[in-house]
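Report on one structure; see the data block that follows.
Nothing fancy with the numbering, it's 1 onward along the sequence.
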Amino acid sequence: MNFLAHIFLSNNDNQITIGNFIADGIRGKRYKKYPIDIQKGILLHRQIDTFTDAHPTVRLSTKRLHKNYGHYSGVIVDILYDHFLAKNWKQYSDIPLPEYIERFYDLLENNYETLPVRIQKMMPHMISDNWLLSYAKIEGIQKVLNGMNRRTKNRSGMHTATVELQEYYTEFEEEFTSFFEELIAFSKDTLSTIETEIANEN
């Protein structure tokens with residue numbers, strides 16, 4: 001899953017949210033240098049990614065893209081699924097999406113020193129261009145895919161994936177909706193397990 005989903009799945013806990021957000025840049029056991037609640041978020045993020053990558057519904061989505069994008073298909077699906085989360089946000093949260101996102105940006109700014117350098121450098125761009133809110137529109141997803149394609153030195157061709165998004169929009173949305181209900185339940189159960197394991201370790 002991409003940024004918005006990971007943030008949402010953090011159980012409205014600020015420190016878990018930070019951990020879940022920064023987790024991609026924390027390798028191996030380096031997570032243990034962070035405070036306990038941030039550790040929980042990092043471990044939750046890893047479990048969410050493992051569950052997502054292996055899920056048959058997600059694989060239906062990635063298979064649709066594989067011919068044109070190969071191993072980048074999973075990255076594209078993560079971004080497309082964030083589009084459907086943003087678009088259908090009212091189904092999942094009582095807090096309006098712009099307000100929810102502003103709270104998250106405030107959280108990042110208030111915990112700036114805790115963030116890895118890579119995130120510190122990315123954060124101003126994320127906030128000024130309001131990446132998370134832009135996910136709700138196809139134009140916003142196009143900008144994200146353009147940026148991802150540039151980071152692959154134009155090898156991935158990801159910038160063209162909004163063609164498939166629009167062609168198979170209903171299929172992608174139905175797959176997201178079905179999968180995300182399972183992912184919400186999985187995340188709650190997994191976080192509970194992580195909290196128990198960490199408590200036993202300490």
Without swapping roles, check the side chain of Asn149 against the backbone of Leu145 for a donor-acceptor pair under 3.5 Å.
-> no
Using modelled atom types only, decide if a donor and an acceptor are shared between the side chain of Asn11 and the backbone of Lys188 within a distance under 3.5 Å.
-> no
Find the distance between CG (Leu107) and CG (Asn14) and round it off to the nearest 0.5 Å.
-> 4.5 Å
With rounding to the nearest 0.5 Å, note down the distance linking OG in Ser156 to CZ in Arg151.
-> 10.0 Å
Scanning both residues in full, the closest heavy-atom pair of Met126 with Tyr105 reads O-OH, 3.5 Å
Is a donor on one side and an acceptor on the other found under 3.5 Å between the side chain of Thr193 and the backbone of Asp189?
-> yes
What's the verdict on side chain to side chain contact (heavy atoms under 4.5 Å, CB included) for Leu43 and Ile198, showing C-alpha distance, side-chain angles and the deciding distance?
-> CA-CA 10 Å; Leu43 293 174; Ile198 287 181; 4.1 Å; yes
Run the numbers on Asp106 and Arg103 for salt bridge (Lys or Arg N to Asp or Glu O under 4.0 Å), then give the verdict.
-> CA-CA 5 Å; Asp106 288 344; Arg103 290 184 190 181; over 6 Å; no
Between Ser187 and Leu44, which heavy-atom pair has the shortest distance, and what is it?
-> O-CD1, 3.8 Å
Could you tell me whether the side chain of Gln47 and the main chain of Thr190 form a donor-acceptor pair under 3.5 Å?
-> no
Hey, mind stepping through His55 and Glu182 against side chain to side chain donor-acceptor pair (under 3.5 Å) and telling me if it holds?
-> CA-CA 10 Å; His55 199 282; Glu182 291 185 48; 2.9 Å; yes
Ring geometry between Tyr81 and Phe179 (parallel below 30°, tilted from 30 to 60°, perpendicular above 60°) = tilted
Where the side chain of Asn20 meets the backbone of Ile16, is there a donor-acceptor pair that is under 3.5 Å apart?
-> no
Heavy-atom side-chain contact between Phe172 and Arg64 under 4.5 Å | yes
Can you list the steps and then say if Glu175 with Ser61 is a side chain to side chain donor-acceptor pair (under 3.5 Å)?
-> CA-CA 7 Å; Glu175 286 156 9; Ser61 294; 2.5 Å; yes
Start with the C-alpha gap between Tyr169 and His83, add the side-chain angles, then the distance that decides, and say whether ring-ring contact (aromatic ring centres under 6.0 Å, His included) holds.
-> CA-CA 11 Å; Tyr169 197 88; His83 165 66; 5.6 Å; yes
Show every donor-acceptor pair shorter than 3.5 Å between a side-chain atom in residues 134-141 and any protein atom, with sequence neighbours excluded, or say none if there are none.
{"residue": "Ser134", "atom": "OG", "partner": "Trp131", "partner atom": "O", "Å": "2.6"}
{"residue": "Tyr135", "atom": "OH", "partner": "Asn2", "partner atom": "ND2", "Å": "3.1"}

Crowded around Lys143 NZ? As in, over 12 foreign heavy atoms under 6.0 Å?
-> no
List the atom pairs, with distances to 0.1 Å, where a side-chain N or O of residues 114-123 and a protein N or O form a donor-acceptor pair under 3.5 Å, not counting sequence neighbours.
{"residue": "Gln120", "atom": "NE2", "partner": "Tyr112", "partner atom": "O", "Å": "2.8"}
{"residue": "Gln120", "atom": "NE2", "partner": "Leu115", "partner atom": "O", "Å": "3.2"}

Hey, mind stepping through Phe180 and Leu183 against side chain to side chain contact (heavy atoms under 4.5 Å, CB included) and telling me if it holds?
-> CA-CA 5 Å; Phe180 201 61; Leu183 184 59; 4.0 Å; yes
Among all residues two or more places apart in sequence or in another chain, which pass the ring-ring contact (aromatic ring centres under 6.0 Å, His included) test with Tyr100?
-> Trp89
Is the closest side-chain heavy-atom distance between Gln39 and Lys33 below 4.5 Å?
-> no
Is there a side-chain contact between Ile36 and Lys40, using heavy atoms and a 4.5 Å cut-off?
-> yes
Does a sphere of radius 6.0 Å around CG in Asn12 hold more than 12 heavy atoms from other residues, nucleotides or ligands, not counting ones at 6.0 Å or beyond?
-> no
Shortest non-hydrogen contact from Arg59 toward Thr62 = O-OG1, 3.0 Å
Test side chain to side chain contact (heavy atoms under 4.5 Å, CB included) applied to Tyr92 and Glu181, step by step | CA-CA 10 Å; Tyr92 302 104; Glu181 290 299 327; 3.6 Å; yes
Considering all heavy atoms of both residues, which atom of Thr160 and which atom of Glu164 are nearest to each other, and what is their separation?
-> O-OE1, 3.3 Å
Minimal non-hydrogen separation, Phe8 against Ser93, with atom names | CE1-CB, 4.4 Å
Going through the distances and angles, do Tyr34 and Gln15 end up as a side chain to side chain donor-acceptor pair (under 3.5 Å)?
-> CA-CA 10 Å; Tyr34 289 93; Gln15 295 302 295; over 6 Å; no
Exam field: side chain Thr52 to backbone Asp49, donor-acceptor pair closer than 3.5 Å = no
Judged by atom type as modelled, is there a donor-acceptor pair below 3.5 Å linking the side chain of Ser178 to the main-chain atoms of Glu174?
-> no
Going from CG on Leu4 to CG on Leu132, what distance comes out if it is rounded to the nearest 0.5 angstrom?
-> 5.5 Å
In terms of hydrophobic clusters joined by side-chain contacts under 4.5 Å, are Tyr72 and Leu60 together?
-> no
Side chain to side chain contact (heavy atoms under 4.5 Å, CB included) assessment of Val58 paired with Asp53 = CA-CA 7 Å; Val58 178; Asp53 291 345; 5.9 Å; no
Among Leu165, Leu85, Val75, which one satisfies side chain to side chain contact (heavy atoms under 4.5 Å, CB included) with Leu80?
-> Leu165
